[in-house]
Amino acid sequence: MLQLDIQRFAVPFRRTSKTKKRMRRTHLKKEVGVIEKCSKCGAAIRPHRACLKCGNYKNKEVIKTTVEE
């Protein structure tokens, strides 16, 4: 007797409709990141990061920046 090395997979009885598929994936959408304002210069920065314009983090200068005029 000839034995075949075939794996058997479950086959769905009916095709999943677009609506059902999209309803299942509603929680997989991307979210908008949080943006805060720098307390010193007012530039938009992400939380828990030093400001690239003025170099401040938690009201302390951690990055030395040059003033352009």
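- Counted within 6.0 Å of CZ on R49, heavy atoms from surrounding residues, nucleotides or ligands total more than 12; the atom is thus considered enclosed.
- Every residue two or more places apart in sequence or in another chain was checked for a side chain to side chain contact (heavy atoms under 4.5 Å, CB included) with L52, and none qualifies.
- Its side chain within the 4.5 Å cluster rule, V62 clusters with Y57, I63 among the Ile, Leu, Val, Met, Phe, Trp and Tyr residues.
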List, one per line, each side-chain donor-acceptor pair under 3.5 Å for residues 29-46, sequence neighbours excluded.
residue : atom : partner : partner atom : Å
S39     : OG   : N59     : OD1          : 2.9

Mind listing the side-chain donor-acceptor pairs of residues 20-27 below 3.5 Å, one per line with the distance, residues two or more places apart or on another chain?
residue : atom : partner : partner atom : Å
T26     : OG1  : M23     : O            : 3.3
H27     : ND1  : R24     : O            : 3.3

